[in-house]
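Everything below concerns the one structure shown next.
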Amino acid sequence: NRGFFSGHGDFSAKMRASHIALTNGKSYGNNILQLSNHFFPENLTRYLIWYVPESQKDFVQSKIGSLRRGEYNFIAKEDFLEGIDYLKTFNSDYDMDKVREIYNLGENFLKGKGEEYNNLKSLYTSRYLINACRLTDALVKFRSWIEGDKEFKAKNQDYELVKKLWLEML
């Protein structure tokens, strides 16, 4: 067992055999990059979130080009996961000032609460802007993917949805 600690709590975990195999540098090399050369690319994408092989990108692009909207109401789990992995390889295009406005709504909301919310206010101030950016990025990518919009650029409807979800989460 191994302990993981932060300022907000802790937990202990036990590595599984698959994780031990991926992190045991003595098996096939001196570091994770040398070790990664001995695994199938499809397996690596599940362990190394920054690794997406060209074959996987090409596969997703071929699927996007061959599907016509409205012809189906089901997507295979594997195809969906391939698409999600592909969406992680780039950032969508959104206006940071608009995201900051949404973030500020939450900050103002918390300022109106009493002193019992001070811990939450400090947590919000230190960490939640990046979460607002991630939420925006994910929603823009998903909407663009579903609509077949290859620009992956935020629209006003995206900001409205982010604002709605953000305030509901608060």
Side-chain angles (χ1 to χ4, degrees), residues 2 4 6 8 11 13 15-25 28-29 31-103 106 123-124 126-170:
R2 182 174 174 194
F4 299 88
S6 77
H8 301 286
F11 66 93
M15 293 182 78
R16 296 185 336 202
S18 58
H19 291 118
I20 293 170
L22 278 175
T23 58
N24 185 359
Y28 297 109
N31 57 47
I32 192 69
L33 293 176
Q34 291 173 353
L35 179 62
S36 68
N37 290 327
H38 296 277
F39 289 91
F40 292 112
E42 296 80 15
N43 295 341
L44 284 177
T45 61
R46 297 287 171 233
Y47 293 105
L48 308 174
I49 60 171
W50 47 265
Y51 177 80
V52 179
E54 288 300 318
S55 61
Q56 186 176 5
K57 291 180 184 179
D58 293 342
F59 172 78
V60 172
Q61 286 296 333
S62 71
K63 289 287 187 179
I64 290 172
S66 66
L67 297 175
R68 289 192 290 268
R69 291 188 41 147
E71 285 188 354
Y72 59 95
N73 59 5
F74 172 79
I75 184 170
K77 180 177 107 174
E78 294 77 15
D79 292 345
F80 182 77
L81 291 174
E82 291 283 339
I84 294 298
D85 288 343
Y86 171 72
L87 293 177
K88 292 178 186 177
T89 64
F90 62 92
N91 293 322
S92 65
D93 184 11
Y94 57 87
D95 185 344
M96 184 62 180
D97 291 335
K98 289 184 178 182
V99 175
R100 190 174 292 280
E101 285 176 21
I102 294 168
Y103 164 82
L123 177 66
Y124 186 89
S126 66
R127 297 188 178 190
Y128 276 57
L129 180 59
I130 188 65
N131 293 331
C133 293
R134 288 177 180 158
L135 178 63
T136 304
D137 183 66
L139 290 174
V140 169
K141 287 177 180 177
F142 197 72
R143 184 215 22 96
S144 297
W145 185 28
I146 297 299
E147 292 180 353
D149 178 3
K150 294 182 180 183
E151 289 186 6
F152 293 94
K153 186 171 182 169
K155 297 180 178 179
N156 284 333
Q157 69 189 46
D158 298 317
Y159 298 114
E160 289 301 317
L161 181 57
V162 169
K163 180 179 174 180
K164 179 181 174 186
L165 290 172
W166 195 252
L167 292 177
E168 284 182 25
M169 286 190 292
L170 288 176

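Just so it is clear, the values below take in all heavy atoms, side chains as well, and ignore hydrogens, waters and symmetry mates. Because the structure is predicted, anything quoted here is derived from the model rather than measured.
Not less than 6.0 angstrom separates the ring centroid of Y103 from the ring centroid of Y128.
Considering all non-hydrogen atoms of both residues, G106 and Y124 come closest at CA-OH, 3.3 Å.
Remark: side-chain polar atoms of D158 are not paired, donor with acceptor, to backbone N or O of V140 under 3.5 angstrom.
No side-chain heavy atom of Q157 sits under 4.5 Å from any side-chain heavy atom of V162. Under the 4.5 Å side-chain criterion, counting only non-hydrogen atoms from C-beta, L135 is in contact with M169. You'll find the side chain of L139 stays beyond 4.5 Å of the side chain of R143, heavy atoms only. Using a 4.5 Å heavy-atom cutoff, the side chains of S92 and K153 are not in contact.
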Full working for side chain to side chain contact (heavy atoms under 4.5 Å, CB included) between N131 and W166: CA-CA 10 Å; N131 293 331; W166 195 252; 4.1 Å; yes

Trace of the side chain to side chain contact (heavy atoms under 4.5 Å, CB included) decision for E151 with D93: CA-CA 8 Å; E151 289 186 6; D93 184 11; over 6 Å; no

Stepwise side chain to side chain contact (heavy atoms under 4.5 Å, CB included) check, N91 with F152: CA-CA 8 Å; N91 293 322; F152 293 94; over 6 Å; no

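The CG atom of L129 sits 10.5 Å away from the CZ atom of R134 when rounded to the nearest 0.5 Å. Of the inter-residue distances, the one linking N156 atom CG with L161 atom CG reads 12.5 Å to the nearest 0.5 angstrom. With rounding to the nearest 0.5 angstrom, the OH atom of Y86 is 10.0 Å from the NZ atom of K141.
A cation-pi arrangement is absent between K164 and Y159, since the terminal nitrogen or guanidinium carbon is not both under 6.0 Å from the aromatic centre and inside a 45° cone about the axis.
E160 and K155 are not joined by a salt bridge, as no carboxylate oxygen comes within less than 4.0 angstrom of a charged side-chain nitrogen.
Other residues, nucleotides and ligands contribute more than 12 heavy atoms inside 6.0 Å of the NZ atom of K98. Annotation: F142, atom CZ; neighbour count of heavy atoms from other residues, nucleotides and ligands within 6.0 Å does not exceed 12.
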